[in-house]
Amino acid sequence: MRISVVGVQGDVEEHVLATRKAMESAGYSGEVIPVRQKGIVSESDGVIIPGGESTTISKLIFREGIADEIIESAESGVPVMGTCAGLITLAKHGDDEVEKTGQKLLGLMDTWVKRNAFGRQRESFEVELDIKGIGRYNAVFIRAPAILKVGKGVDVVAKLNDYIVGAVQKNLLAFAFHPELTDDIRIHRLFLDMAKR
Amino acid sequence: MIVDLKKLRFGTELLKRGFAKMQKGGVIMDVTTAEQAQIAEDAGAVAVMALHKVPADIRAAGGVARMADPRIIQEIMDSVTIPVMAKVRIGHFAEAQILEALGVDMIDESEVLTPADEMYHINKREFKVPFVCGARNLGEALRRIDEGAAMIRTKGEAGTGNVAEAVRHMRIIMGAIRELKGKSEEELKLYARKIEAPYELVFETAELQRLPVVNFAAGGIATPADASLMMQLGADGVFVGSGIFKSEDPERMARAIVEAVNYYDDPTTLAEISKGLGEPMKGIDIRTLEEHEKLQTRGV
């Protein structure tokens, strides 16, 4: 299998390494490619949009044409996972910050997102979460966004008090935290299992 | 799920280093006003560095350079949605406490400002906010990481618009990391003593074949080609200080440098990006600087 990690900005290398590790543990053979230009996403069995600055990532993927390829892949059923900035990028509905910065969204998931929902870096935190289908999980939130509400067809898999921090819509996965920053590869494994099908 | 808010863990090493990792592949721009911060955000900067004066003006003004007025920093924080960083003097932990209280996202303990402590850097582990520090070589970089820095940048020679020193520092650091490869435990211990760095960090760097934290280029980057050069030498991203707002057309230069970091290894696209940007900042030949005018020798 081939997994693309959108590589224009953010913690791309961490996702590549976590995905490779998950591949190995699952016994899947394949490659994981950081993608900075168009032409590769379309040929992939799964796409990951990493953490980073969502304003920057959005500008670069739309400018380069990677955005259209992600939309096409997602609509054809290829699994796409977005973490942190990726969760924002996948969404249909932005908040006032998204509007103010003129940030374009992929508009794939029926989610209402809020950027920097928990505050600035000093309000960033780690916490033990319960994730549906995964169980107890140490989640790392860095200037993290959150989902305020979801439309029909979106399954909420993780919540932190009033905020939705994990959601699945058919072949699309969104997490507000960073599974790529810890050694726990269960989320990447879940994603790869979807890509395998 | 209802989580007891007391169970949230703040300011951990993972969160500090993780924040720095989110900046990778990005451009962090020096700004002195809310308007400039907006321009930087619109251009695609991953963060801004809020300053009273850009390094070129600090250099020209002389005297003691200090932390910026918190009011300017606050205005910049209120004007953009991306992270805001700010500088403190080397060793000035009170300035750092003030910036932490203000809520800046990262503190740059910077040689660009006049050092406040000739002996010690700030004990950065005491803070919840992450720090970035400058380094000219592997010893400096690992000492700063040992003190708690979550991110390293080359010192270069700030405010000169001359990339030569940033190149020198990046080559020295990357070269030293390559040299660690294949060294035995005894040799690594000897090397650690020689560069006055903790053995554990030398060992970790040898294993990883990179610094244990994100490593950016800074100090003299003025054009898209400069940004590409630093990325090709192994930088994780770039800081641009005076290079944007001392150029003829800051909006275009800012956008071009952001694109150049993404296309750093694609000369054909870089050629397009570099066309007709107007005059970059004028700059200074490092060889015309007296030793005491160099900022990079501060805080080793």
Side-chain angles (χ1 to χ4, degrees), chain A residues 7-14 34 36-37 50-61 63-64 84-85 95-98 100-103 115-116 118-132 138-143 158-163 165 177-178 180-182, chain B residues 1-5 7-28 38 41-47 77 79-85 100-107 127-130 150 210 214 236-237 255 258-259 261-266 269:
Chain A
V8 294
Q9 196 273 316
D11 69 336
V12 180
E13 190 189 355
E14 287 69 19
R36 284 186 284 128
Q37 269 118 34
E53 273 310 308
S54 62
T55 48
T56 307
I57 292 174
S58 162
K59 278 193 180 79
L60 291 168
I61 60 173
R63 224 178 268 173
E64 176 52 32
C84 194
D95 63 349
D96 50 342
E97 283 196 11
V98 170
K100 179 179 156 240
T101 54
Q103 186 182 343
R115 283 186 63 198
N116 300 318
F118 302 93
R120 310 192 69 95
Q121 174 60 17
R122 68 174 173 197
E123 281 91 36
S124 294
F125 57 91
E126 291 182 52
V127 71
E128 189 101 336
L129 282 183
D130 236 328
I131 304 174
K132 207 159 118 187
N138 185 49
V140 183
F141 290 79
I142 297 177
R143 283 176 55 98
K159 278 192 87 174
L160 181 53
N161 299 347
D162 292 337
Y163 287 129
V165 294
F177 50 89
H178 294 280
E180 72 281 13
L181 287 185
T182 62
Chain B
M1 170 182 178
I2 301 300
V3 173
D4 181 355
L5 293 178
K7 291 213 169 126
L8 303 188
R9 300 190 300 284
F10 298 98
T12 63
E13 206 59 34
L14 186 59
L15 290 165
K16 290 177 178 178
R17 291 186 180 191
F19 170 80
K21 285 177 176 173
M22 296 311 141
Q23 309 297 307
K24 288 202 291 185
V27 182
I28 301 166
Q38 290 271 339
E41 182 174 53
D42 290 345
V46 288
M77 284 165 59
S79 71
V80 290
T81 65
I82 55 179
V84 176
M85 307 181 179
E100 183 172 58
L102 202 60
V104 304
D105 297 291
M106 181 173 245
I107 295 175
F127 289 79
K128 290 210 159 30
V129 61
R210 59 154 297 142
V214 168
D236 291 318
R255 207 177 138 96
V258 169
E259 290 187 16
V261 168
N262 188 41
Y263 295 101
Y264 72 91
D265 54 356
D266 175 0
T269 308

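Proteins get letters first, then strands, A, B, ... in listed order; numbering begins at 1 in each. Since we're looking at a predicted model, the values are computed, not measured.
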Can you confirm whether D4(B) is buried at CG, in the sense that more than 12 heavy atoms of other residues, nucleotides or ligands lie under 6.0 Å from that atom? yes
So, for R255(B) and R63(A), which heavy atoms are closest and what is the spacing to 0.1 Å? NH1-NH2, 3.5 Å
Contacting moiety of M106(B), where chain A heavy atoms sit under 4.5 Å: neither
Give, as side chain, backbone, both or neither, the part of R115(A) having an atom under 4.5 angstrom from any heavy atom of chain B. side chain
Heavy-atom distance under 4.5 Å to chain B: side chain of Q37(A), backbone, both or neither? side chain
Going from CD on E53(A) to CD on Q23(B), what distance comes out if it is rounded to the nearest 0.5 angstrom? 6.0 Å
So which part of T182(A) gets closer than 4.5 Å to some heavy atom of chain B, the side chain, the backbone, both or neither? side chain
When heavy-atom pairs shorter than 4.5 Å are enumerated against chain B, which of E123(A), Q9(A), E126(A) gives the highest number? E126(A)
Under the rule for ring pair (Phe, Tyr, Trp, His ring centres under 6.0 Å), what residues qualify as partners of Y264(B), not counting sequence neighbours? none
How close do R122(A) and F10(B) get, counting heavy atoms only, and between which atoms? O-CD2, 3.7 Å
Could you look at D236(B) and say if it's the side chain, the backbone, both or neither that has a heavy atom under 4.5 Å from chain A? neither
Report the option among L15(B), V104(B), L8(B) that has the most heavy-atom pairs separated by less than 4.5 Å from atoms of chain A. L15(B)
Mind checking the CG-CG spacing from N116(A) to D105(B)? Nearest 0.5 Å is all I need. 8.0 Å
Taking atom CD of E41(B) and atom CD of Q103(A), what is their separation to the nearest 0.5 Å? 9.0 Å
Portion of A45(B) that has a non-hydrogen atom of chain A nearer than 4.5 angstrom: backbone
Going by salt bridge (charged side-chain N to carboxylate O under 4.0 Å, His left out), name the residues that satisfy it together with D265(B), two or more places apart in sequence or in a different chain. R36(A)
Check whether D11(A) reaches the backbone of G18(B) with its side chain - one donor and one acceptor, N or O, closer than 3.5 Å. no
Between chain B and each of N161(A), D162(A), V165(A), count heavy-atom pairs under 4.5 Å; write down the option with the most. N161(A)
Residue pair V12(A) / K24(B), side-chain heavy-atom distance below 4.5 Å: no
Heavy-atom pairs under 4.5 Å with chain B - which of V8(A), T55(A), I57(A), V127(A) has more of them than the others? V8(A)
Is D130(A) close to chain B through its backbone or its side chain, or both, or neither, when contacts mean heavy atoms under 4.5 Å? both
Identify the heavy atoms of G51(A) and M22(B) that sit nearest to each other, and give their distance. C-SD, 3.6 Å
Does any backbone or side-chain atom of N138(A) lie under 4.5 Å from a heavy atom of chain B? Answer side chain, backbone, both or neither. side chain
How long is the gap from CG on L129(A) to NZ on K7(B), to the nearest 0.5 Å? 12.0 Å
Heavy-atom pair with the smallest gap, counting every atom of Q121(A) and P130(B): CG-CD, 3.6 Å
Measuring from K100(A):NZ to T81(B):OG1, what's the distance to the nearest 0.5 Å? 6.0 Å
Gap separating the CG atom of L181(A) from the CZ atom of F19(B), nearest 0.5 angstrom: 13.0 Å
Before accepting this row, confirm whether a basic side-chain N of the pair K21(B)/E180(A) lies closer than 4.0 Å to the acidic partner's carboxylate O. no
Report the option among V84(B), I82(B), V129(B), V80(B) that has the most heavy-atom pairs separated by less than 4.5 Å from atoms of chain A. I82(B)
Heavy-atom proximity to chain A below 4.5 Å, by part of Q38(B): side chain
Does any backbone or side-chain atom of A43(B) lie under 4.5 Å from a heavy atom of chain A? Answer side chain, backbone, both or neither. backbone
What part of S124(A) gets within 4.5 angstrom of chain B, counting heavy atoms only: side chain, backbone, both, or neither? both
